[in-house]
Engineer: 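First the structure, then my questions, so here it is.
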Number of protein chains: 2
Amino acid sequence: MNELILIVEDEADLVQSLEYNLQQQGYDTRVALDGQSALEALDEKRPALVVLDLMLPDMSGLEVCRWIRNEETMRATPVLILTARGEEIDRITGFEAGADDYVVKPFCVDELMLRVRAILRRSQVESQELHADKMQIGDLFIDFAAHRVRVGEKEVELTPLEYQLLKVLVIRRGRTQSREVLLRDVWDIEAEVMTRTVDTHMQRLRAKLEQCGEWIATVRGVGYRFEAEEP
Amino acid sequence: MNELILIVEDEADLVQSLEYNLQQQGYDTRVALDGQSALEALDEKRPALVVLDLMLPDMSGLEVCRWIRNEETMRATPVLILTARGEEIDRITGFEAGADDYVVKPFCVDELMLRVRAILRRSQVESQELHADKMQIGDLFIDFAAHRVRVGEKEVELTPLEYQLLKVLVIRRGRTQSREVLLRDVWDIEAEVMTRTVDTHMQRLRAKLEQCGEWIATVRGVGYRFEAEEP
DNA sequence: CTGTTTTTGTCACGTTGTTGTCACAATCGC
DNA sequence: GCGATTGTGACAACAACGTGACAAAAACAG
């Protein structure tokens, strides 16, 4: 009952090498040679991670990635993209696909293994914190189970959106979240449009959190970050 | 599923020798006898490295090199130039062509093999560091995930541009970056114009990095370099 | 079903931070 | 020393962000 990794790749040699190494590391593997069978495999059993080649015989890996991101039950499944170098990295990790990481081909297998482990560790931490029913950061208390937030002794009334925004920031604290990522994961829209929506809500959230608002740092030109340590 | 190397060269003997040795080293090879077929080969499959003779029957190797550098998807592909002696080394490694390295003909094949390996290793290290979420060089700490920079215990506030500039320099540390390259990769402008922009921002970056500013070396007449070892 | 309240997206404006350019000083290589 | 190149500080144009206001949309209550 190990973690299952779905490999979507059509080069037989590479598939073999990946399967061998991943199984060596104690993961279960499943292979799909094209986009269509990838979707079928995903429908069948939800993997802990998808390793996805962008170049597939029948459809673009980007489409597969988008499909995963649009499927409610798959949304949280991390995706590691294999790509030839130069293939517009921004679009891969940014709004367009929403991959969690990528490796440039040709790559050494050890590097990929490191990346796989890093992603799974991260996603485990995130899902763990999601399932934790309580959390404290400084004066900020979040009760996920009860859907309640407290600053010091004072209960804070957050709107659903504000709560969601705080949750994403807090669970990923210490890592800067771009506006694109926030729009995707909180608002559920794929937009490159320049909108002040994120900023406005960030401002409201900051105001409601009072002294804890200072934990939210602005990263100019990029987005926002919930500090990992006392500001 | 080895790394593919494209050889662009018209001398049959040399081609044969190169192919043999490169395959011996475990690389896949593909040959183009002139510039036109080189471009076609590039369009077809992106190689991990291009070995390019400057003297071609139909067009100059420099043109091929420039084409690669102008193509969005090829930009990062390293190019190793073969040249008869004296052929304006500056223009080859400098802005005009943007080659990564060059070998003067006649050369010993072993040396070329060394260069090839060195270039490929470098480009792999680069792509690896591109995703690292943290990095330390002397007193300089860069947290890519958090988008933060620290010198010693002190947090340094960098503007988006300064951050980008530092990132490019650090990831390519040990190698001089010409102003043209920096303008292209940081500013995203193709300019042969003489501007003091790079210098000014380099100065600001140096000032903000305090003692770590000394890691940034000026290369007169060319550009700047982030030292690979303690200055 | 209707009126009320809450939530949310958008806008405009002011403020602050950022960046390109320039003039001039300092420095380097010869 | 001389010319070319780079460092440095000042500054104005510009872009990004914070903030408050407002109206549309959604949720809610009666």
Engineer: When the distance from NZ of A:Lys208 to P of C:dT6 is rounded to whole Å, what number comes out?
Structural biologist: 11 Å
Engineer: Side chain of A:Gln203, heavy atoms from C-beta onward: which of D:dC17, D:dT6, D:dT19 has the nearest atom to it?
Structural biologist: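 The nucleotide sitting nearest to the side chain is D:dT19.
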Engineer: Has A:Arg150 got its NZ or CZ under 6.0 Å from the middle of the six-membered ring of A:Phe141, at an angle within 45 degrees of the ring axis?
Structural biologist: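 Geometry flag: set, cation within 6.0 Å and 45°.
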Engineer: Quick one: A:Leu205 CG to D:dG18 P, roughly how many Å, whole number?
Structural biologist: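 Distance check: A:Leu205 CG to D:dG18 P gives 12 Å.
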Engineer: Rounding to a whole Å, what distance do you find between A:Arg206:CZ and D:dC17:P?
Structural biologist: 11 Å
Engineer: Verify side chain to side chain donor-acceptor pair (under 3.5 Å) between A:Arg46 and A:Thr77, making sure each step is shown before the conclusion.
Structural biologist: CA-CA 8 Å; A:Arg46 202 172 77 78; A:Thr77 307; 2.9 Å; yes
Engineer: How many Å lie between OH on B:Tyr224 and P on D:dT5, as a whole number?
Structural biologist: 13 Å
Engineer: Please state how far atom CE in A:Met202 lies from atom P in D:dC17, giving the value in whole angstrom units.
Structural biologist: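 In whole Å, D:dC17 P lies 11 Å from A:Met202 CE.
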Engineer: What string of B, S and - do you get for nucleotides 20-30 of chain C 5' to 3' if you count protein non-hydrogen atoms under 4.0 Å?
Structural biologist: BBB-----BS-
Engineer: Under 3.5 Å, side chain of A:Glu129 to main-chain N/O of A:Glu126, donor-acceptor pair present?
Structural biologist: no
Engineer: Rounded to the Å, how far apart are B:Tyr163 OH and C:dG17 C1'?
Structural biologist: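 Rounded to the whole Å, the gap is 19 Å.
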Engineer: I need the A:Met74 CE to A:Cys65 SG distance, nearest 0.5 Å.
Structural biologist: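 Spacing of CE (A:Met74) from SG (A:Cys65) equals 13.0 Å.
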Engineer: Using only side-chain N and O atoms of B:Thr218, determine if any of them is under 4.0 Å from OP1 or OP2 of D:dT5.
Structural biologist: no
Engineer: For the side chain of A:Asp100 and the backbone of A:Val79, is there at least one donor-acceptor N/O pair under 3.5 Å apart?
Structural biologist: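 It does hold such a pair.
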Engineer: How many whole angstroms separate atom CG of B:Asp199 from atom P of D:dT5?
Structural biologist: 12 Å
Engineer: Taking CD from B:Glu157 and P from C:dG17, how many angstroms apart are they, rounded to a whole number?
Structural biologist: 10 Å
Engineer: Go through the side-chain N and O atoms of A:Gln177 and A:Arg225 and say whether any donor and acceptor fall under 3.5 Å apart.
Structural biologist: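 No, no side-chain donor-acceptor pair sits under 3.5 Å.
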